[in-house]
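This report concerns only the one structure given below.
In listed order, ligands and their atoms are each counted from 1.
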Amino acid sequence: MDQTTAIIDLDVPGPRISRHVYGHFAEHLGRCIYDGFYVGEDSEIPNERGIRLDVVEALRALNIPNLRWPGGCFADDYHWRDGIGPRDQRPRMVNSHWGDVVEDNSFGTHEFMDLCEMLGTDAYISGNVGSGSVAEMSEWIEYLTRADDSPMAALRRQNGRDEPWKVPYFGIGNEAWGCGGHLRVEQFASLARQYSTYVRNHAGNDVYRIAAGASDGDLHWTETLMKSFDDLDAGDGPARPFQGISLHYYTVTGSWQDKGSATEFGEDEWYLTLERARFMEHLLTRHGQVMDRHDPKKRVGLVVDEWGTWWNAEPGTNPGFLYQQNTLRDALVASVHFDAFHRHADRVVMANIAQTVNVLQAMLLTDPESGALVRTPSYHVFEMNTAHHDADSLDVHLQGVPTRPGSTAELPLVSASASTRGDTALVSLTNLDASADRTVVLDLRGREVTGHAARVLSAPELATHNTPDAPDAVAPVALDAVRPHERGLEVTLPAHSYVTVSLTLT
Ligand code: AHR
């Protein structure tokens, strides 16, 4: 068998990897907000103003860069004025997308911004185009960010917040092709121009506006949005009304009716899942090519503001709540996505895993009975990758990677990416092979490597996951299978594992 080699020119940094590709997403869906982030002030679970302190502590350890809220599909049903003022006077509404439950609006704008401050993260507010108005959106950004005595700033003060908040990111609708109104792209492109115009910069708050983008391989959607401001880009014309375009892609292996179990699967489903995860790379390339045609200077950002695995809801839970377990397989789906985001750092400015707590590919699961908090295998990939945040990407040339036949193409069994910052570098290596270890030679060129340390995330079984009784069944440990090699280092990746190698450089 060929030797697998990763050639890395440590002295040729590429585009910077935005820390925002490690972004998160919290929707009013199932137990994400209520019972996840927010338990209310009267809960026995330790909290500050109703926000769970253990959740905050766990997420602070990930340096989460941004949090998207309130949806998702919920965003296009959400009217922000329902979520301000005294809680016992807030109107109720039906959360028709997610379980058809009654939402009491006890978690609203002030609670979300409070959460962002506790997390030390940037707010990414998702605005309502589907059932909202231009005025409503315009007033929300004024309420959040205006400093003087404007009507909305005065209303905010009346509700207890004097200082304006910073809101760096604002979404213009969500999945406008589906739950966000079933619009045609031509129709949405006009609305996106109009709504974005009224999301104004107040009091030095510079908003990055993100228009609801395509699903999966819908290149026509991206093309139409890119074309929609060609005229505004010309000469001294007004600035583009929105700065980013989103893309949603979920890793699904079954049909939408039967997506398969999160924990009960065999090797064939393992490989199919990873093949579907690697499809993200293809999507970034194709959507990026379309964007390049209209924007060769790459001024418009691609924002993958929903990605991750989507399995059948755990048996015994409300199917509308999208609560699923998270195994080693999910962790490798995450590591493969990050390799793709790193490789496309010139265009991908942000990404948001769906979702942070108790929904889809979550970082954290909370036990409804005991309240126990569990860090998932996916959480650990985010933690292992924090050194990639805002580091300069490095090309990794892989040679001699074994493959396995996939459903549409050969599936490479090793994935890798790398970045550097100052006198350090981080190399990410994923061994997709369900049963065989793989030794990889790191051919490190251009700078002298004076130190190294490696960590590995793996488990005895492909479906191993963490529970309140076994919270560390999948957790990173030091890896000592790293040896000096004439070309740099030699690393043995255990079967089905994710490995990071930190390098000290001179
Ligand atoms: O993340 C769950 C849902 O998936 C979101 O609400 C929606 O945007 C997408 O279809």
Side-chain angles (χ1 to χ4, degrees), residues 23-34 36-37 66-78 93-101 103 107 112 124-132 169-183 185 188 192 210-218 221 244-257 259 262 276-277 280 283 303-314 317-326 330 333-334 337 350-365 376 378:
H24 288 266
F25 174 29
E27 180 165 13
H28 286 240
L29 194 179
R31 295 171 52 246
C32 181
I33 297 292
Y34 302 111
F37 279 105
N66 67 73
L67 186 60
R68 178 175 184 244
W69 173 85
C73 293
F74 182 79
D76 281 300
D77 267 335
Y78 185 65
M93 65 177 284
V94 174
N95 190 336
S96 44
H97 290 291
W98 307 120
D100 205 34
V101 293
E103 158 74 53
F107 188 93
F112 174 66
Y124 173 9
I125 300 258
S126 196
N128 181 347
V129 172
S131 70
Y169 300 102
F170 204 99
I172 311 298
N174 171 74
E175 298 197 349
W177 38 265
C179 63
H182 290 107
L183 304 177
V185 62
F188 176 70
I210 299 157
S215 169
D216 307 355
D218 185 354
W221 191 280
I245 291 179
S246 72
L247 169 69
H248 289 183
Y249 172 66
Y250 284 96
T251 299
V252 179
T253 54
S255 63
W256 281 102
Q257 289 68 39
K259 296 176 280 297
R276 295 276 156 85
M280 176 58 85
L283 291 176
V303 175
V304 188
D305 58 15
E306 287 186 31
W307 67 272
T309 54
W310 196 325
W311 309 116
N312 290 339
E314 278 301 297
T317 65
N318 185 331
F321 283 8
L322 310 186
Y323 176 85
Q324 64 188 41
Q325 253 305 345
N326 191 299
D330 297 81
V333 166
H337 273 76
M350 187 193 283
N352 304 74
I353 191 160
Q355 299 191 9
T356 318
V357 193
N358 291 334
V359 169
L360 298 178
Q361 192 176 348
M363 303 292 101
L364 302 170
L365 301 177
T376 65
S378 301

Any protein N/O atoms within less than 3.5 Å of an N/O atom in ligand 1? List the atom names and distances, or say none.
from, atom 1, to, atom 2, distance (Å)
ligand 1, 1 (O), Tyr250, OH, 2.8
ligand 1, 1 (O), Gln355, NE2, 3.0
ligand 1, 4 (O), Tyr250, OH, 3.3
ligand 1, 4 (O), Glu306, OE1, 3.2
ligand 1, 6 (O), Glu27, OE1, 2.7
ligand 1, 6 (O), Glu27, OE2, 3.0
ligand 1, 6 (O), Cys73, N, 2.8
ligand 1, 8 (O), Asn174, OD1, 3.4
ligand 1, 8 (O), Asn174, ND2, 3.0
ligand 1, 8 (O), Glu175, OE2, 3.3
ligand 1, 8 (O), Glu306, OE1, 3.1
ligand 1, 8 (O), Glu306, OE2, 2.7
ligand 1, 10 (O), Glu175, OE1, 2.7
ligand 1, 10 (O), Glu175, OE2, 3.2

Side-chain contact, heavy-atom cut-off 4.5 Å: Trp310 with Asn312? no
4.5 Å side-chain heavy-atom contact, Trp307 and Ile353: yes
So, for Ala26 and Cys32, which heavy atoms are closest and what is the spacing to 0.1 Å? CA-SG, 3.8 Å
Considering non-hydrogen atoms only, spot the tightest contact between Trp256 and Val252 and give its length. CH2-CG2, 3.7 Å
Would you say Trp98 and Val359 make side-chain contact, with heavy atoms under 4.5 Å? no
Minimal non-hydrogen separation, Ser126 against Pro70, with atom names: O-CD, 3.4 Å
